[in-house]
Peer 1: 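Below you will find the structure I want to go over with you.
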Amino acid sequence: EAESGNQQIRLYWERPSSPAIVRYRIYRSQSPFSNLGSATLLVEFDVKAPFHYLDTTQLQNNQTYYYSMTAGDEWGNWSLIGNQLLGIPRVPPTTPTNFVVSGGGRRIYAQWTAVLGTGIRYQLFRAMGNDSLSLYKDSILQTSFNDSQVVNYQNYRYAVRAVNSLNTRSGFTDTLQAFARRIFYVGANGSNLQGGSEQYPMATFAFAVNAIQNEDTLLILPGTYHQRLPFADKEFLVAGKYLFTKDTVDIFNTVINGS
């Protein structure tokens, strides 16, 4: 795989299947080539090195470059050139800003600021605990995502990058972490598109109750609500912020008017 950047191309490949392979060589040309005499040797390295290479050698944006690799064994024998990979350096989209993650009710909510450009989409990377980040969701068109495929109280780490219509990728946001819990917050100024955390509460009781499971908690933040609490064939706790603050002001500031 070739990943384009500003006057640079990063190449990725898989671990070799044969234990006899001990070294690699990477060649480059500005036109397709069938023999090594018409290409430039960029680098030779041990197979134990990381399976990627960043080419920044005199590359010009919007110019097409062709790459190929050969593999060598411990006796100095080298393979024929492999399949050629095409790469075009381009100015990447800007990195998404204002990235936040917040653990809500049985989900983790992530959001970021939109990036300007043509055909912009977003890639969300995720890791559990201290594992390495890997691509989790591709081609997200919105600037937020609710991750419901999580284990409650397990820590997850996230990062986002933008990709434009030319498949040029931005840099990554900072890596942020959060964990889901069994508390669904509802706020008078919330949104059902959010994850149901205290910082990003849901908007309606009905939406929260639909997501709640037995022995979860529906926590209603201070505010005035012109809605009714729906009946549900579930056993869960309904409480106000007083449950945690023990401040009676939170009781008087939480008004449910279902008339």
Side-chain angles (χ1 to χ4, degrees), residues 1-17 21 23-33 36 38-71 79 81-99 101 110 112-128 130-143 145 147 156-176:
E1 179 186 0
E3 181 178 294
S4 298
N6 186 21
Q7 295 183 318
Q8 64 182 32
I9 295 176
R10 186 178 294 276
L11 305 175
Y12 297 90
W13 59 92
E14 297 180 351
R15 182 184 298 273
S17 57
I21 297 175
R23 296 192 66 76
Y24 282 125
R25 287 174 177 171
I26 296 180
Y27 294 85
R28 187 188 77 191
S29 176
Q30 293 187 20
S31 59
F33 56 96
L36 299 180
S38 58
T40 300
L41 175 62
L42 288 178
V43 64
E44 179 180 330
F45 51 90
D46 190 273
V47 73
K48 295 180 180 179
F51 298 104
H52 59 84
Y53 173 72
L54 180 63
D55 181 16
T56 60
T57 308
Q58 298 178 338
L59 296 181
Q60 297 181 8
N61 287 337
N62 303 314
Q63 167 69 52
T64 301
Y65 296 91
Y66 296 84
Y67 294 88
S68 188
M69 298 180 67
T70 59
S79 69
I81 57 175
N83 296 330
Q84 291 182 33
L85 194 63
L86 182 151
I88 305 175
R90 294 188 175 98
V91 176
T94 59
T95 301
T97 58
N98 300 317
F99 180 52
V101 296
W112 54 91
T113 299
V115 171
L116 297 179
T118 303
I120 293 293
R121 64 187 191 278
Y122 303 95
Q123 294 178 325
L124 179 69
F125 288 72
R126 188 183 84 166
M128 179 184 291
N130 294 320
D131 293 345
S132 299
L133 287 170
S134 60
L135 180 60
Y136 179 56
K137 293 294 179 181
D138 197 2
S139 299
I140 300 173
L141 300 181
Q142 300 81 18
T143 55
F145 183 80
D147 184 8
Y156 292 85
R157 297 182 295 115
Y158 297 87
V160 168
R161 69 181 178 186
V163 184
N164 64 19
S165 59
L166 298 174
N167 205 39
T168 307
R169 301 165 174 88
S170 76
F172 285 100
T173 62
D174 290 337
T175 299
L176 302 180

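Heads up: numbering here begins at 1 and tracks the sequence. Treat the numbers as computed from the prediction; the structure is a model and nothing was measured.
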Peer 1: What's the verdict on side-chain contact (heavy atoms from CB on, under 4.5 Å) for Trp112 and Thr143, showing C-alpha distance, side-chain angles and the deciding distance?
Peer 2: CA-CA 6 Å; Trp112 54 91; Thr143 55; 3.9 Å; yes

Peer 1: Got a sec, which residues hit side chain to side chain contact (heavy atoms under 4.5 Å, CB included) with Gln123, two or more places apart in sequence or on another chain?
Peer 2: Phe125, Leu135, Asp138, Arg161, Val163, Arg169

Peer 1: Run the side chain to side chain contact (heavy atoms under 4.5 Å, CB included) test against Ser79 and tell me which residues pass, sequence neighbours left out.
Peer 2: Thr70, Ala71

Peer 1: More than 12 heavy atoms of other residues, nucleotides or ligands under 6.0 Å from CD of Glu1: yes or no?
Peer 2: yes

Peer 1: Specify the closest pair of heavy atoms between Tyr27 and Ala39, including all atoms of both residues, with the distance to one decimal.
Peer 2: CB-CB, 4.0 Å

Peer 1: Quick one: salt bridge (Lys or Arg N to Asp or Glu O under 4.0 Å) partners of Arg121, sequence neighbours excluded?
Peer 2: none

Peer 1: Which pair of non-hydrogen atoms, one from Phe33 and one from Arg28, has the smallest distance, and what is that distance?
Peer 2: CE2-C, 4.5 Å

Peer 1: Would the distance check show the side chain of Tyr24 and the main-chain N or O of Phe51 forming a donor-acceptor pair, the cut-off being under 3.5 Å?
Peer 2: no

Peer 1: Supply the atom-to-atom distance Leu54 CG to Gln8 CD, rounded to the nearest 0.5 angstrom.
Peer 2: 4.5 Å

Peer 1: Is the backbone of Ala162 close enough, under 3.5 Å, to the side chain of Ser170 for a donor and an acceptor to pair up by distance?
Peer 2: yes

Peer 1: Of all heavy-atom pairs between Phe99 and Ala159, which one has the smallest distance, and what is that distance?
Peer 2: CE2-CA, 3.9 Å

Peer 1: Quick one: sort the Tyr12 and His52 rings into parallel, tilted or perpendicular, breaks at 30° and 60°.
Peer 2: tilted

Peer 1: Donor-acceptor pairs are to be reported for all side-chain atoms of residues 86-98 against protein atoms at under 3.5 Å, with residues two or more places apart or in another chain.
Peer 2:
from: Thr95; atom 1: OG1; to: Gly171; atom 2: N; distance (Å): 3.4
from: Thr95; atom 1: OG1; to: Gly171; atom 2: O; distance (Å): 3.4
from: Asn98; atom 1: ND2; to: Thr113; atom 2: OG1; distance (Å): 2.8

Peer 1: Supply the atom-to-atom distance Asn164 CG to Leu116 CG, rounded to the nearest 0.5 angstrom.
Peer 2: 12.0 Å

Peer 1: So, using side chain to side chain contact (heavy atoms under 4.5 Å, CB included) as the criterion, who are the partners of Ala127 when residues are at least two apart?
Peer 2: Asp131, Leu133, Arg157

Peer 1: Show your reasoning for whether side-chain contact (heavy atoms from CB on, under 4.5 Å) applies to Trp13 and Leu85.
Peer 2: CA-CA 11 Å; Trp13 59 92; Leu85 194 63; over 6 Å; no

Peer 1: Give, for atom OH of Tyr136 and atom OH of Tyr156, the distance between the pair rounded to the nearest 0.5 Å.
Peer 2: 8.0 Å

Peer 1: Sequence neighbours excluded, which residues qualify as side chain to side chain contact (heavy atoms under 4.5 Å, CB included) partners of Gln142?
Peer 2: Ile140

Peer 1: Counting only N and O atoms by type, is there a donor-acceptor contact under 3.5 Å from the side chain of Tyr65 to the main-chain atoms of Gln60?
Peer 2: yes

Peer 1: Among Asp174, Asp147, Thr175, find the residue that satisfies the side-chain hydrogen bond (donor to acceptor under 3.5 Å, both in side chains) test when tested with Tyr158.
Peer 2: Asp147

Peer 1: Considering all heavy atoms of both residues, which atom of Asn61 and which atom of Gln7 are nearest to each other, and what is their separation?
Peer 2: OD1-N, 2.7 Å

Peer 1: Return yes if some donor-acceptor pair links the side-chain N/O of Thr173 with the main-chain N/O of Val160 below 3.5 Å, else return no.
Peer 2: yes

Peer 1: In Å and rounded to the nearest 0.5 Å, what is the CE to CD1 distance from Met69 to Ile81?
Peer 2: 13.0 Å

Peer 1: Would a distance-only check, ignoring hydrogens and angles, find a side-chain to backbone donor-acceptor pair under 3.5 Å from Thr40 to Leu42?
Peer 2: no

Peer 1: Measure the CG-OG distance between Leu124 and Ser139 for me, rounded to the nearest 0.5 Å.
Peer 2: 12.0 Å

Peer 1: State the OG-CD1 distance between Ser68 and Ile26, to the nearest 0.5 angstrom.
Peer 2: 9.5 Å

